[in-house]
Every structure is written in C-alpha cells, then in structure tokens.
Student: 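Sharing a structure here in structure tokens format.
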Amino acid sequence: MEKERIALLIQKLEDSAGAAEFPIVTQLAETRRDPFLILISTVLSLRTKDEVTATATERLFSLASTPETMLELSEEEIRQAIYPVGFYRNKSRQIREICRDLIERFSSRVPDSLEDLLSLKGVGQKTANLVLSLGFEKDAICVDTHVHRISNRLGLVSTKTPEQTESALQNVLPRRYWSRYNTLLVSFGQRVCRPLSPLCSSCPLC
DNA sequence: AAAACGGGGGC
DNA sequence: GCCCCAGTTTT
C-alpha cells in the first residue's frame with residue numbers, strides 16, 4: 001500500500017516534469033551527461049541559487065571544459081567567470097585543487113565511487129551523491145534542502161535534519177526510484193513546491 | 001536587518 | 001552535537 005502510494009507519487013512527478021521545464025542545472029546535466037560538469041556545477045551551487053549556478057557553470061565551461069584546460073586558468077580568471085556565486089574566492093581555489101587532483105590521481109576522470117569522490121577537496125556526502133546520481137545514474141539520493149523539505153511535505157518521511165531524511169528515505173523509497181528521485185524532486189521543488197510562497201494552487205499532486 | 005540559497009569542515 | 005566559514009539576493 002505504501003509502495004503503491006510512492007509509485008503513484010513518482011508517476012505524477014514524472015508527468016508534471018515532462019510537461020514543464022527542468023531547472024537549468026538539471027537541463028545541463030541531461031544534455032551533457034558529463035560527470036565533470038555535474039561535479040563543478042555542484043561545487044558552485046553551494047549556498048547559491050540555481051540560476052546563478054547555471055550561468056556561472058556555462059561561463060566557466062565556455063572557457064574550459066576539461067580538468068586540464070580548467071587548471072590552466074588562473075584563480076582570477078575562474079573568479080571572474082563564476083561571479084557572483086557564494087564563496088567564489090574559496091571556490092576558485094577549490095576548483096583548481098579538484099582539477100589537479102583529478103589529473104594526478106584519477107587520470108583526468110571523475111571517479112564513480114563514493115569513497116573517491118569524498119576524497120576530493122570540499123566534496124561531501126551530498127555533492128558526492130549528486131554526482132553519482134546525475135553524473136553516473138547510480139542508485140544514490142542526494143538529500144539537499146529541496147529533497148529534505150519536499151520529502152517531509154509529501155509525508156514520505158518525518159524528520160528534522162537532511163541526514164535523518166537520507167537514512168529514512170533509504171528505508172521507504174524503493175531502490176529503483178533512487179536515481180530519478182533527485183531530478184524529480186529538485187525540479188518540483190523549484191517550479192512548484194518552493195521554500196517560500198509555494199504554488200500550491202497549481203500543484204500537480206493535488 | 002534577516003532570511004534564504006541544492007554545504008562542508010573542524011572540533 | 002555545535003560552531004564557523006563567507007557572497008549575494010530577496011523579503
């Protein structure tokens with residue numbers, strides 16, 4: 001019964017997502033299927049709105065789209081490309097360190113294991129899971145603020161922190177939905193179920 | 001002025 | 001668990 005409810009929920013989310021626009025970062029992810037782009041844009045997204053993140057990602061990747069070429073950019077060049085994302089001074093340094101690390105330790109490829117991803121500078125649980133999910137289509141759930149908020153609003157879980165949500169979802173949500181869950185919820189969270197002034201009147205779930 | 005934005009790290 | 005980090009926009 002709970003399974004059927006979840007299946008119906010996912011179906012409704014998929015229907016509404018197909019009829020509308022995905023968030024820009026997710027669009028980039030869908031079109032490019034490039035783990036490196038996913039990784040960098042996720043790093044940029046920390047404390048930053050989606051549209052700003054997308055603009056910064058596009059500007060940066062128009063200058064360089066591989067670890068090698070990106071490492072050739074100076075911190076100043078990266079700073080200018082990604083402004084005004086939050087923490088842009090730290091991030092320009094961090095991005096160069098990640099590029100250097102990818103080149104030296106992973107032959108210029110983004111690793112596809114949780115452990116290796118976590119070993120990169122400034123990459124934590126959520127960033128790593130998002131790269132696995134969006135970049136490699138693996139069974140991972142990135143419980144960011146959107147996923148946390150909406151999972152509770154939908155009544156799938158009843159939790160206080162994103163960490164609690166992550167473990168709770170692993171028990172509730174069938175594994176076959178994991179890789180789609182992020183895309184669907186983040187899309188839904190930005191289009192409709194927004195943190196402030198949610199568009200409840202046009203909610204596809206009601 | 002405060003809250004918000006797809007956190008991470010150190011302790 | 002708590003606290004710090006630190007840039008900008010929105011309310």
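Predicted model only: the values in this text are computed from it and were never measured. Every chain is numbered from 1, with letters handed out A, B, ... down the list of sequences. Hydrogens, waters and symmetry mates are skipped; everything else that's a heavy atom, side chains included, is used.
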Student: For the pair made of CZ in Arg93(A) and P in dC5(C), what is the distance, rounded to whole Å?
Tutor: 15 Å

Student: Heavy atoms only: give me the nearest Ser179(A)-Lys138(A) pair and the separation to one decimal.
Tutor: CB-O, 3.3 Å

Student: Please examine the side chains of Lys91(A) and Thr48(A), heavy atoms only from C-beta on, and report whether any two atoms are closer than 4.5 Å.
Tutor: yes

Student: Starting at the 5' end of DNA chain B and moving along, which residue's nearest nucleotide shows up first, Gly122(A) or His146(A)?
Tutor: His146(A)

Student: Could you work out the separation of dT8(C) and dG9(B) based on their C1' atoms and round it to a whole Å?
Tutor: 22 Å

Student: Is there a side-chain polar atom (N or O) of Tyr88(A) under 4.0 Å from OP1 or OP2 of dT8(C)?
Tutor: yes

Student: Using the C1' atoms only, state how far dG8(B) lies from dT9(C), rounded to an integer number of Å.
Tutor: 22 Å

Student: What is the separation between atom CZ on Phe87(A) and atom C1' on dA6(C), rounded to the nearest whole Å?
Tutor: 4 Å

Student: dT10(C), dG8(B), dG7(C): which one has an atom nearest the side-chain heavy atoms of Arg89(A)?
Tutor: dG7(C)

Student: Taking CD1 from Ile82(A) and P from dT8(C), how many angstroms apart are they, rounded to a whole number?
Tutor: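 Checked: the CD1 to P distance equals 11 Å.
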
Student: Across the strands shown, which category fits Val52(A) at heavy-atom distances under 4.0 angstrom: base, sugar-phosphate, nothing?
Tutor: nothing

Student: Please report the distance, rounded to the nearest Å, between NZ in Lys91(A) and C1' in dG9(B).
Tutor: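 Distance, rounded to whole Å: 15 Å.
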
Student: Please report the distance, rounded to the nearest Å, between CG in Asp144(A) and C1' in dG8(B).
Tutor: 14 Å

Student: In terms of the nearest nucleotide of DNA chain B, which residue is placed more toward the 5' end: Thr48(A) or Lys121(A)?
Tutor: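 Upstream on the strand: Thr48(A).
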
Student: Would you mind reading off the distance between Lys49(A) atom NZ and dT10(C) atom P, rounded to a whole angstrom?
Tutor: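 Interatomic distance, NZ of Lys49(A) to P of dT10(C): 7 Å.
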
Student: If you compare every side-chain N and O of Arg47(A) against the phosphate oxygens of dT8(C) (OP1, OP2), does one of them come in below 4.0 Å?
Tutor: no

Student: Of the residues in residues 154-182 of chain A, which ones touch DNA chain B at a heavy-atom distance under 4.0 Å?
Tutor: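 Within this stretch, nothing sits under 4.0 Å of the strand.
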
Student: When you compare the side chain of Ile78(A) with that of Arg96(A), does any pair of heavy atoms fall below 4.5 Å?
Tutor: yes

Student: With sequence neighbours left out, what residues match Ser167(A) under side-chain hydrogen bond (donor to acceptor under 3.5 Å, both in side chains)?
Tutor: none

Student: Between dT8(C), dG7(B), dC5(B), which nucleotide has the shortest distance from any of its atoms to the side chain of Pro84(A)?
Tutor: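 Per side-chain heavy atoms of Pro84(A), the pick is dT8(C).
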
Student: As a test of reading the structure: which of dC5(B), dG7(B), dA6(C) is closest to the side chain of Thr127(A), going by heavy atoms?
Tutor: dG7(B)

Student: Would you mind telling me which of Leu120(A), Leu114(A), Leu117(A) makes a side chain to side chain contact (heavy atoms under 4.5 Å, CB included) with Val131(A)?
Tutor: Leu117(A)

Student: Are any non-hydrogen side-chain atoms of Asp112(A) and Pro35(A) less than 4.5 angstrom apart?
Tutor: no

Student: Check the distance between dG7(B)'s P and Arg149(A)'s CZ and give it to me in whole angstrom.
Tutor: 11 Å

Student: Would a distance-only check, ignoring hydrogens and angles, find a side-chain to backbone donor-acceptor pair under 3.5 Å from Ser151(A) to His148(A)?
Tutor: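 No; judged by distance alone, with no hydrogens or angles, the pair does not exist.
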
Student: Taking atom CD of Glu115(A) as the centre, report whether more than 12 heavy atoms of other residues, nucleotides or ligands fall under 6.0 Å from it.
Tutor: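 No, not enclosed.
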
Student: Once you round it to whole Å, what is the distance between P of dG8(B) and CG of Leu117(A)?
Tutor: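 Interatomic distance, CG of Leu117(A) to P of dG8(B): 12 Å.
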
